[in-house]
Amino acid sequence: MVRTEYYKDLTKMNTFGMKVKARCFIEYDSVADLVDVEFEELARPVLHIGGGSNLLFTDDFKGTILHSKINFIEVLDECKDTSANETVLVSVGAGVVFDEFCDWAAKEGFWGVENLSYIPGEVGASAVQNIGAYGVEVKDVIRKVYCYDTIDEEFVNFDVEDLEYGYRDSAFKDPEVKGRYIVTHVVFALSREPQPKLDYGHLKEAVETAAAGKDITPGIIRKTIIKIRKEKLPEPSVMGSAGSFFKNPVITAEHFARIEAAAKAEHGADVKVPHYDLPDGTVKVPAAWMIEQCGWKGKRSGGAAVYDKQPLVIVNYTGEAYPEEIIGLERRIIASVKSKFDVVLHPEVDHI
Ligand code: EPU
């Protein structure tokens, strides 16, 4: 079924909690429903949203918002024989809440998405944004992405190798095709064999403590990750945000050496600047560290604030923040990080 509403209040459809409206809002329940939508006729611009967890509405939306309620999780027939297959291919509808899929996988004892537990958002958007956390990106477990092509009006599918996945990036975000393909469902390759990925930060110690000598399961990892996330990140139902507001910047080794030397001059020779050396010789530096060094952690500005436990997150502190207040804070953070470190931060959050 396809439902259409006009002047729809989007407050509950964006985790930032921006009080905006959409001129037209269309929600559909099945893959087949998409064929009934007259894409040519829709009020423009057209935007397909998922859980609204990675966007900032800067104003009322003048066009059409689409939202999928395609809700199924199905093990593909050829993988149902538990003795014959280590890999389990699972087809998941774009409208499934990603964490519900993680919960289902953990309960089935399937490995692959446990590190991605508790990330807000839906399955369709996860394949566009290449969500990631604790050393795993969703591209690591995606096998195929099924879409509806709104221009040629046909169903198409892409192998993971063709989707140019990168850090919070995919071919779907290419300006040439942005908005053309609507993800209907995603096939994930999970595993029946243990595949714990525990190299990120102190995850291994935390999981071993939680396991207390017993075998590590996807469920134990999931529980540990949820605990860590709850300690560090705001609960969207309590305080609006879109998770990490900025991407972690990647800089040259020389640039990093300058930042490290300046930090040692400022704080003493023992200071450790967090960083990850990448295979190509560049260095990823946590934006959270830079923002904290610039004094922003916990700072408020009108209804907006920099989250006190993770400064990479901008929050709708009062629940009444205006988009302008969030954007004002964003600009000032970018300016101070540029001035102190000569690094330009780029938002991860889409500005609509
Ligand atoms: N840090 C500080 N001060 C803080 C918090 C962190 O200096 O108050 C530094 C620490 O050195 C810490 C480092 O930042 O070791 C990394 O922090 P964290 O592990 O929290 O990860 P992150 O790089 O800040 C990324 C993702 C998160 C994901 C976490 C865990 C991006 C933009 N963000 O954050 O994703 O949950 O890793 O894997 O890559 C999201 O995308 O919405 C999101 C929350």
Side-chain angles (χ1 to χ4, degrees), residues 14-16 50-56 98-99 102 113-122 125-140 165-170 173 197-207 221-222 224-236 239-251 256 259-260 263 266-267 271-278 283-299 305-315 330 333-334 337 340-341 343 345-350:
N14 73 102
T15 58
F16 241 130
S53 56
N54 199 49
L55 41 82
L56 173 64
F98 196 87
D99 190 56
C102 298
V113 284
E114 57 283 357
N115 289 35
L116 304 177
S117 290
Y118 220 57
I119 296 183
E122 294 169 5
S126 78
V128 173
Q129 171 70 357
N130 187 21
I131 59 169
Y134 305 100
V136 174
E137 288 180 315
V138 77
K139 73 163 172 61
D140 304 337
Y165 278 119
Y167 171 54
R168 300 292 193 275
D169 198 19
S170 74
K173 294 176 112 183
K197 302 232 166 35
L198 302 176
D199 291 338
Y200 188 96
H202 301 292
L203 185 56
K204 193 160 191 276
E205 290 96 299
V207 168
I221 298 179
R222 171 172 165 76
T224 310
I225 299 259
I226 291 177
K227 185 164 176 276
I228 298 173
R229 287 188 76 96
K230 282 191 168 173
E231 278 162 9
K232 280 193 172 181
L233 297 165
E235 194 85 41
M239 196 185 285
S241 85
S244 299
F245 196 94
F246 299 101
K247 291 186 189 176
N248 286 323
V250 174
I251 58 177
F256 178 73
I259 289 176
E260 200 171 37
E266 190 177 344
H267 302 292
V271 78
K272 294 258 181 301
V273 179
H275 64 284
Y276 312 95
D277 294 318
L278 300 179
V283 183
K284 192 184 254 191
V285 186
W289 179 81
M290 295 184 173
I291 297 168
E292 183 171 358
Q293 292 299 307
C294 290
W296 283 107
K297 196 168 176 167
K299 281 271 157 66
V306 177
Y307 195 52
D308 55 356
K309 298 189 192 101
Q310 168 49 294
L312 194 53
V313 179
I314 297 182
V315 291
E330 169 189 10
I333 292 170
I334 291 174
V337 168
K340 189 168 170 76
F341 297 107
V343 169
L345 291 183
H346 294 284
E348 194 206 308
V349 170
D350 255 341

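Whatever order the structure lists them in is the order used to number ligands and atoms, beginning at 1. Numbering of residues begins at 1 and proceeds along the displayed sequence.
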Atoms in ligand 1 with a heavy atom of Lys309 nearer than 4.0 Å:
8 (O)
With a 4.0 Å cut-off on heavy atoms, is Gly201 in contact with ligand 1?
no
Provide the number and element of each atom of ligand 1 under 4.0 Å from a heavy atom of Pro274.
11 (O)
Does Asn248 use its side chain to pair, donor to acceptor, with the backbone of Lys284 at less than 3.5 Å?
no
Among Arg168, Lys284, Gln310, closest by any non-hydrogen atom to atom 22 (P) of ligand 1:
Gln310
For atom 18 (P) of ligand 1, which candidate among Trp289, Tyr200, Phe246 provides the closest heavy atom?
Tyr200
Where ligand 1 meets Glu292 - atom numbers and elements under 4.0 angstrom, heavy-atom basis
2 (C), 3 (N), 4 (C), 7 (O), 8 (O)
Please answer whether the main-chain N or O of Val283 pairs with a side-chain N or O of Asp277 as donor and acceptor at a distance below 3.5 Å.
no
Is a side-chain donor or acceptor of Asn14 paired with a backbone partner of Gly52 at a separation under 3.5 angstrom?
no
Examine the side chains of Glu348 and Tyr167 and answer whether a donor and an acceptor come within less than 3.5 Å of each other.
no
Side-chain (Ser170) to main-chain (Val128) donor-acceptor, under 3.5 angstrom
yes
Nearest option to atom 23 (O) of ligand 1, as decided by whichever heavy atom of Asn115, Asn248, Asp308 sits closest
Asn248
for atom 42 (O) of ligand 1, nearest protein heavy atom and its distance come out as Ser244 N, 2.8 Å
With heavy-atom distances below 4.0 Å as the criterion, list the atoms of ligand 1 near Arg229.
36 (O), 44 (C)
Heavy-atom proximity to atom 16 (C) of ligand 1, best of Tyr118, Tyr167, Tyr276, Phe245
Tyr276
So is Gln293 touching ligand 1 or not, going by heavy atoms under 4.0 Å?
no
Could you tell me whether Arg222 and Asp99 have a side-chain N and a carboxylate O separated by less than 4.0 Å?
yes
Interfacing atoms of ligand 1 (cut-off 4.0 Å, heavy-atom, Gly243)
42 (O)
